[in-house]
Amino acid sequence: MLKNKLSQIKKEALAKIKATNSSKELENLRIQYLGKKSEFKKILRSIKDLASQEKKVIGPLANQIKENIEKTLQSRKEEIAEEKEKKEEWIDVTAPGKRNTLGHLHPLSIVQRDIEDIFVALGFEIADGPEIETEFYNFDAVNIPADHPGRDMQDTFWISQEKDRQPGSGIVLRTQTSSVQVRYMEKNKPPFRIIIPGRVFRNEATDASHEHTFHQFEVLVVGEKVNVANFLFVAEEFFTQFFQEKIKIRLRPSYFPFVEPGFEFDISCTSCGGKGCSVCQQTGWLEVGGAGMVHQNVFQTAGYPRNKYQGFAWGFGIERLAMMKYKIDDIRLFHSGDLRFIKQF
Ligand code: DAH
(Lines give C-alpha, C1' and ligand atoms only; values in the text may rest on other atoms or scores of the structure.)
Protein backbone atom coordinates (compact mmCIF):
# COMPACT_ATOMS: atom_id res chain seq x y z
CA MET A 1 0.00 0.00 0.00
CA LEU A 2 2.51 2.58 1.22
CA LYS A 3 4.93 1.40 -1.35
CA ASN A 4 2.43 2.11 -4.09
CA LYS A 5 1.62 5.46 -2.65
CA LEU A 6 5.31 6.41 -2.54
CA SER A 7 5.95 5.45 -6.14
CA GLN A 8 2.79 7.30 -7.11
CA ILE A 9 4.15 10.45 -5.41
CA LYS A 10 7.51 9.99 -7.09
CA LYS A 11 6.00 9.53 -10.51
CA GLU A 12 3.78 12.57 -10.16
CA ALA A 13 6.54 14.80 -8.73
CA LEU A 14 9.12 13.92 -11.40
CA ALA A 15 6.61 14.48 -14.20
CA LYS A 16 5.67 17.93 -12.91
CA ILE A 17 9.28 18.94 -12.26
CA LYS A 18 10.28 18.01 -15.79
CA ALA A 19 7.33 19.87 -17.25
CA THR A 20 7.98 23.21 -15.63
CA ASN A 21 10.01 26.03 -17.10
CA SER A 22 10.06 28.38 -14.19
CA SER A 23 12.34 28.32 -11.17
CA LYS A 24 9.56 29.78 -9.06
CA GLU A 25 7.28 26.92 -9.98
CA LEU A 26 10.12 24.52 -9.10
CA GLU A 27 10.26 25.90 -5.59
CA ASN A 28 6.49 25.45 -5.25
CA LEU A 29 6.84 21.85 -6.36
CA ARG A 30 9.57 21.24 -3.78
CA ILE A 31 7.29 22.52 -1.03
CA GLN A 32 4.37 20.53 -2.37
CA TYR A 33 6.25 17.23 -2.55
CA LEU A 34 8.97 17.44 0.09
CA GLY A 35 7.80 20.28 2.37
CA LYS A 36 6.75 19.89 6.01
CA LYS A 37 3.08 19.56 5.13
CA SER A 38 3.58 17.22 2.20
CA GLU A 39 2.08 13.77 1.83
CA PHE A 40 5.63 12.47 1.66
CA LYS A 41 6.58 13.90 5.06
CA LYS A 42 3.42 12.40 6.54
CA ILE A 43 4.49 9.00 5.31
CA LEU A 44 7.99 9.48 6.71
CA ARG A 45 6.53 10.34 10.07
CA SER A 46 4.37 7.26 10.06
CA ILE A 47 7.27 4.88 9.39
CA LYS A 48 8.08 4.58 13.09
CA ASP A 49 4.69 2.93 13.68
CA LEU A 50 5.20 0.26 11.06
CA ALA A 51 6.03 -3.32 11.68
CA SER A 52 9.79 -3.79 11.60
CA GLN A 53 9.54 -5.99 8.53
CA GLU A 54 7.82 -3.23 6.64
CA LYS A 55 10.10 -0.55 8.06
CA LYS A 56 13.07 -2.24 6.40
CA VAL A 57 11.45 -1.91 3.02
CA ILE A 58 9.68 1.46 3.26
CA GLY A 59 12.49 3.34 5.03
CA PRO A 60 15.17 2.94 2.34
CA LEU A 61 12.59 3.32 -0.40
CA ALA A 62 11.38 6.65 0.99
CA ASN A 63 14.96 7.88 1.27
CA GLN A 64 15.70 6.84 -2.27
CA ILE A 65 12.61 8.63 -3.54
CA LYS A 66 13.46 11.78 -1.57
CA GLU A 67 16.96 11.79 -3.07
CA ASN A 68 15.59 11.18 -6.50
CA ILE A 69 13.13 14.08 -6.29
CA GLU A 70 15.80 16.39 -4.87
CA LYS A 71 18.27 15.51 -7.61
CA THR A 72 15.66 16.05 -10.28
CA LEU A 73 14.72 19.39 -8.77
CA GLN A 74 18.36 20.42 -8.73
CA SER A 75 19.14 19.41 -12.28
CA ARG A 76 15.95 21.00 -13.61
CA LYS A 77 16.91 24.18 -11.77
CA GLU A 78 20.28 24.19 -13.50
CA GLU A 79 18.72 23.52 -16.87
CA ILE A 80 16.32 26.43 -16.48
CA ALA A 81 19.14 28.77 -15.51
CA GLU A 82 21.15 27.65 -18.51
CA GLU A 83 18.26 28.13 -20.90
CA LYS A 84 17.67 31.59 -19.54
CA GLU A 85 21.32 32.49 -19.99
CA LYS A 86 21.32 31.23 -23.56
CA LYS A 87 18.26 33.25 -24.38
CA GLU A 88 19.81 36.44 -23.02
CA GLU A 89 23.11 35.84 -24.71
CA TRP A 90 21.65 35.05 -28.06
CA ILE A 91 23.01 37.21 -30.85
CA ASP A 92 21.09 37.73 -34.04
CA VAL A 93 23.89 37.72 -36.57
CA THR A 94 21.51 38.75 -39.33
CA ALA A 95 20.39 41.96 -37.57
CA PRO A 96 21.66 45.15 -39.22
CA GLY A 97 24.70 46.55 -37.35
CA LYS A 98 24.60 49.70 -35.28
CA ARG A 99 27.07 52.19 -36.67
CA ASN A 100 28.87 54.59 -34.36
CA THR A 101 28.72 58.10 -35.69
CA LEU A 102 32.23 59.43 -36.09
CA GLY A 103 33.04 63.11 -36.04
CA HIS A 104 34.70 64.70 -39.04
CA LEU A 105 36.15 67.96 -40.23
CA HIS A 106 33.92 70.96 -40.79
CA PRO A 107 33.55 71.85 -44.49
CA LEU A 108 35.46 75.07 -43.90
CA SER A 109 38.36 73.17 -42.35
CA ILE A 110 38.35 70.78 -45.30
CA VAL A 111 38.50 73.65 -47.78
CA GLN A 112 41.13 75.54 -45.78
CA ARG A 113 43.33 72.44 -45.67
CA ASP A 114 42.87 71.91 -49.42
CA ILE A 115 43.95 75.49 -50.04
CA GLU A 116 46.97 75.16 -47.75
CA ASP A 117 48.05 71.90 -49.39
CA ILE A 118 48.03 73.44 -52.85
CA PHE A 119 50.11 76.42 -51.74
CA VAL A 120 52.55 74.39 -49.68
CA ALA A 121 53.18 72.27 -52.79
CA LEU A 122 53.89 75.51 -54.67
CA GLY A 123 56.55 76.42 -52.11
CA PHE A 124 54.51 78.81 -49.94
CA GLU A 125 54.80 79.17 -46.20
CA ILE A 126 51.71 79.45 -43.97
CA ALA A 127 51.66 82.48 -41.67
CA ASP A 128 49.15 83.76 -39.15
CA GLY A 129 48.39 86.59 -36.78
CA PRO A 130 45.97 87.56 -34.01
CA GLU A 131 42.21 87.88 -34.50
CA ILE A 132 42.13 90.67 -31.92
CA GLU A 133 44.35 93.17 -33.63
CA THR A 134 45.59 96.70 -33.20
CA GLU A 135 44.11 99.39 -35.32
CA PHE A 136 47.64 99.90 -36.60
CA TYR A 137 48.15 96.50 -38.24
CA ASN A 138 44.58 96.18 -39.41
CA PHE A 139 44.42 99.66 -40.99
CA ASP A 140 47.32 102.12 -40.73
CA ALA A 141 50.04 99.65 -41.69
CA VAL A 142 48.25 98.70 -44.89
CA ASN A 143 47.92 102.30 -45.96
CA ILE A 144 44.55 103.09 -44.36
CA PRO A 145 45.27 105.91 -41.87
CA ALA A 146 42.55 107.22 -39.53
CA ASP A 147 41.10 109.79 -41.87
CA HIS A 148 41.25 107.52 -44.92
CA PRO A 149 37.95 106.76 -46.65
CA GLY A 150 39.19 103.16 -47.04
CA ARG A 151 38.18 102.60 -43.42
CA ASP A 152 34.57 102.99 -44.46
CA MET A 153 34.91 100.02 -46.83
CA GLN A 154 34.89 97.70 -43.84
CA ASP A 155 32.42 98.02 -40.97
CA THR A 156 34.48 97.33 -37.91
CA PHE A 157 33.92 95.80 -34.49
CA TRP A 158 35.90 98.11 -32.22
CA ILE A 159 37.06 96.70 -28.91
CA SER A 160 38.53 100.02 -27.86
CA GLN A 161 38.88 103.19 -29.84
CA GLU A 162 41.62 105.17 -28.20
CA LYS A 163 41.42 108.23 -30.32
CA ASP A 164 43.05 110.60 -27.84
CA ARG A 165 46.11 108.45 -27.44
CA GLN A 166 48.62 107.38 -30.04
CA PRO A 167 47.32 106.94 -33.57
CA GLY A 168 46.64 103.29 -34.39
CA SER A 169 46.45 102.19 -30.76
CA GLY A 170 42.77 101.22 -30.87
CA ILE A 171 41.88 97.55 -30.73
CA VAL A 172 39.65 95.83 -33.30
CA LEU A 173 38.45 92.42 -34.32
CA ARG A 174 40.50 92.23 -37.50
CA THR A 175 38.44 92.97 -40.59
CA GLN A 176 40.89 91.40 -43.03
CA THR A 177 43.83 89.00 -43.13
CA SER A 178 45.77 91.85 -44.76
CA SER A 179 46.43 92.76 -41.11
CA VAL A 180 49.13 90.10 -41.02
CA GLN A 181 51.06 91.50 -44.00
CA VAL A 182 53.16 94.04 -42.11
CA ARG A 183 53.40 91.83 -39.01
CA TYR A 184 55.10 89.22 -41.18
CA MET A 185 57.24 91.66 -43.18
CA GLU A 186 58.62 93.28 -40.03
CA LYS A 187 60.17 89.94 -39.14
CA ASN A 188 61.09 88.59 -42.58
CA LYS A 189 63.05 89.88 -45.54
CA PRO A 190 62.13 89.18 -49.20
CA PRO A 191 62.03 87.08 -51.20
CA PHE A 192 59.14 85.14 -49.67
CA ARG A 193 55.77 83.70 -50.55
CA ILE A 194 53.18 83.19 -47.87
CA ILE A 195 49.52 82.49 -47.41
CA ILE A 196 47.63 83.72 -44.38
CA PRO A 197 44.38 81.85 -43.78
CA GLY A 198 42.22 83.09 -40.93
CA ARG A 199 39.03 84.34 -39.39
CA VAL A 200 37.90 87.92 -39.90
CA PHE A 201 34.98 89.98 -38.61
CA ARG A 202 32.69 92.65 -40.02
CA ASN A 203 30.08 94.64 -38.18
CA GLU A 204 27.41 94.06 -40.83
CA ALA A 205 23.90 92.70 -41.19
CA THR A 206 23.92 89.11 -42.39
CA ASP A 207 22.20 87.68 -45.43
CA ALA A 208 22.73 84.73 -47.78
CA SER A 209 26.09 86.09 -48.92
CA HIS A 210 27.25 88.11 -45.88
CA GLU A 211 28.37 86.96 -42.45
CA HIS A 212 29.75 88.98 -39.56
CA THR A 213 32.36 86.25 -39.03
CA PHE A 214 34.02 84.58 -41.97
CA HIS A 215 37.40 83.43 -43.28
CA GLN A 216 39.85 84.80 -45.77
CA PHE A 217 43.13 83.70 -47.12
CA GLU A 218 45.66 86.31 -47.97
CA VAL A 219 48.43 85.58 -50.43
CA LEU A 220 51.56 87.68 -50.37
CA VAL A 221 54.52 87.19 -52.67
CA VAL A 222 57.41 89.65 -52.49
CA GLY A 223 60.73 89.83 -54.27
CA GLU A 224 62.81 92.11 -56.45
CA LYS A 225 61.23 91.03 -59.70
CA VAL A 226 57.74 89.92 -58.85
CA ASN A 227 55.23 91.00 -61.48
CA VAL A 228 51.61 90.64 -62.60
CA ALA A 229 52.49 87.71 -64.86
CA ASN A 230 53.76 85.77 -61.81
CA PHE A 231 50.54 86.67 -60.06
CA LEU A 232 48.40 85.39 -62.94
CA PHE A 233 50.36 82.16 -63.11
CA VAL A 234 50.00 81.41 -59.39
CA ALA A 235 46.33 82.35 -59.42
CA GLU A 236 45.49 80.21 -62.43
CA GLU A 237 47.47 77.29 -61.05
CA PHE A 238 45.78 77.55 -57.67
CA PHE A 239 42.23 77.75 -58.99
CA THR A 240 42.73 74.99 -61.52
CA GLN A 241 43.99 72.68 -58.78
CA PHE A 242 41.32 73.78 -56.32
CA PHE A 243 38.39 73.16 -58.67
CA GLN A 244 40.13 70.29 -60.49
CA GLU A 245 39.27 71.82 -63.86
CA LYS A 246 40.82 74.45 -66.11
CA ILE A 247 39.98 77.88 -64.70
CA LYS A 248 40.51 81.18 -66.48
CA ILE A 249 41.33 84.42 -64.66
CA ARG A 250 40.11 87.94 -65.35
CA LEU A 251 41.35 91.11 -63.67
CA ARG A 252 39.36 94.32 -63.59
CA PRO A 253 40.78 97.62 -62.35
CA SER A 254 39.67 98.39 -58.81
CA TYR A 255 40.76 100.23 -55.71
CA PHE A 256 42.20 98.93 -52.47
CA PRO A 257 44.42 101.25 -50.41
CA PHE A 258 47.21 98.68 -49.97
CA VAL A 259 47.77 97.93 -53.65
CA GLU A 260 48.62 99.86 -56.77
CA PRO A 261 47.35 98.87 -59.24
CA GLY A 262 44.42 97.11 -57.60
CA PHE A 263 42.19 94.54 -59.21
CA GLU A 264 38.87 92.95 -58.83
CA PHE A 265 39.58 89.30 -59.43
CA ASP A 266 37.20 87.02 -61.39
CA ILE A 267 37.39 83.37 -62.42
CA SER A 268 35.58 81.62 -65.25
CA CYS A 269 32.24 80.29 -63.99
CA THR A 270 32.65 76.90 -62.32
CA SER A 271 29.07 75.94 -63.19
CA CYS A 272 29.05 76.56 -66.95
CA GLY A 273 32.77 76.86 -67.71
CA GLY A 274 32.27 80.41 -69.02
CA LYS A 275 29.38 79.93 -71.45
CA GLY A 276 26.90 81.83 -69.28
CA CYS A 277 24.34 80.40 -66.86
CA SER A 278 22.13 81.45 -63.95
CA VAL A 279 24.96 81.08 -61.40
CA CYS A 280 27.13 83.67 -63.18
CA GLN A 281 24.12 85.68 -64.33
CA GLN A 282 24.98 84.86 -67.94
CA THR A 283 28.34 86.67 -67.71
CA GLY A 284 30.54 83.56 -67.68
CA TRP A 285 32.54 85.02 -64.73
CA LEU A 286 32.40 84.81 -60.95
CA GLU A 287 33.80 87.52 -58.69
CA VAL A 288 36.22 86.07 -56.16
CA GLY A 289 37.84 89.00 -54.32
CA GLY A 290 40.44 91.74 -54.34
CA ALA A 291 44.05 91.66 -55.45
CA GLY A 292 46.85 93.88 -56.61
CA MET A 293 50.51 94.83 -56.61
CA VAL A 294 51.61 95.78 -53.09
CA HIS A 295 51.70 99.55 -52.48
CA GLN A 296 55.18 100.93 -51.73
CA ASN A 297 53.74 102.65 -48.63
CA VAL A 298 53.10 99.21 -47.15
CA PHE A 299 56.70 98.12 -47.79
CA GLN A 300 57.93 101.35 -46.27
CA THR A 301 55.86 100.81 -43.09
CA ALA A 302 57.34 97.31 -42.84
CA GLY A 303 60.82 98.88 -42.90
CA TYR A 304 61.76 97.99 -46.48
CA PRO A 305 63.39 100.58 -48.71
CA ARG A 306 60.99 102.18 -51.16
CA ASN A 307 60.95 100.82 -54.72
CA LYS A 308 63.37 98.00 -54.00
CA TYR A 309 60.77 95.26 -53.91
CA GLN A 310 57.61 94.40 -55.74
CA GLY A 311 54.92 92.03 -54.68
CA PHE A 312 51.43 90.85 -55.32
CA ALA A 313 48.73 90.19 -52.79
CA TRP A 314 45.18 88.99 -52.70
CA GLY A 315 42.50 88.39 -50.11
CA PHE A 316 39.77 85.90 -50.94
CA GLY A 317 36.89 84.52 -48.88
CA ILE A 318 37.22 80.87 -47.95
CA GLU A 319 33.44 80.54 -47.49
CA ARG A 320 32.93 81.95 -50.95
CA LEU A 321 35.22 79.35 -52.50
CA ALA A 322 33.61 76.57 -50.45
CA MET A 323 30.19 77.73 -51.64
CA MET A 324 31.32 77.59 -55.26
CA LYS A 325 32.95 74.21 -54.88
CA TYR A 326 30.07 72.52 -53.04
CA LYS A 327 27.22 74.59 -54.55
CA ILE A 328 26.07 76.03 -51.21
CA ASP A 329 23.69 78.95 -51.58
CA ASP A 330 23.70 80.47 -48.07
CA ILE A 331 26.87 81.49 -46.21
CA ARG A 332 25.01 81.37 -42.86
CA LEU A 333 24.86 77.57 -43.05
CA PHE A 334 28.55 77.31 -42.12
CA HIS A 335 28.06 78.59 -38.58
CA SER A 336 24.47 77.46 -38.13
CA GLY A 337 25.46 74.31 -36.22
CA ASP A 338 22.85 72.46 -38.28
CA LEU A 339 24.01 68.83 -38.35
CA ARG A 340 21.91 68.07 -41.44
CA PHE A 341 24.23 70.45 -43.29
CA ILE A 342 27.49 69.44 -41.60
CA LYS A 343 26.94 65.70 -42.07
CA GLN A 344 26.98 66.02 -45.84
CA PHE A 345 30.72 66.57 -45.91
N1 DAH B 1 41.60 92.90 -47.56
C2 DAH B 1 40.63 93.08 -48.60
C3 DAH B 1 39.24 92.89 -48.03
O4 DAH B 1 39.10 92.24 -47.07
C5 DAH B 1 40.84 92.09 -49.71
C6 DAH B 1 42.10 92.34 -50.46
C7 DAH B 1 42.09 93.14 -51.57
C8 DAH B 1 43.28 91.78 -50.04
C9 DAH B 1 43.21 93.37 -52.31
C10 DAH B 1 44.43 91.99 -50.76
C11 DAH B 1 44.40 92.80 -51.90
O12 DAH B 1 45.62 91.48 -50.41
O13 DAH B 1 45.54 93.02 -52.62
O14 DAH B 1 38.31 93.42 -48.59
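For ligands, and for the atoms within them, numbers begin at 1 and follow the listed sequence.
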Problem - Amino acids in close contact with ligand 1, where any non-hydrogen atom sits under 4.0 angstrom away - result: Gln154, Gln176, Ser178, Gln181, Arg202, Gln216, Glu218, Phe256, Phe258, Val259, Gly290, Ala291, Gly292, Ala313, Trp314, Gly315
Using a 3.5 Å cut-off and no angle test, enumerate the donor-acceptor pairs between side-chain atoms of residues 305-313 and protein atoms at least two apart in sequence or in another chain.
{"from": "Arg306", "atom 1": "NH1", "to": "Asn297", "atom 2": "OD1", "distance (Å)": "2.9"}
{"from": "Arg306", "atom 1": "NH1", "to": "Gln300", "atom 2": "OE1", "distance (Å)": "2.3"}
{"from": "Arg306", "atom 1": "NH2", "to": "Asn297", "atom 2": "OD1", "distance (Å)": "3.0"}

Exercise for the section: Examine Phe217 together with Phe238 and report whether their ring centres are nearer than 6.0 Å. Expected result: yes
Exercise for the section: Determine whether more than 12 heavy atoms belonging to other residues, nucleotides or ligands lie under 6.0 Å from atom NZ of Lys5. Expected result: no
Handout entry: Where at least one partner belongs to residues 284-299, residue pairs that pass salt bridge (charged side-chain N to carboxylate O under 4.0 Å, His left out), sequence neighbours excluded
Key = Arg252-Glu287
Problem - Aromatic centroids of Tyr326 and Phe345 separated by under 6.0 Å - result: yes
Problem - salt bridge (charged side-chain N to carboxylate O under 4.0 Å, His left out) contacts in which one or both residues fall within residues 112-122, not counting sequence neighbours - result: Asp114-Lys325
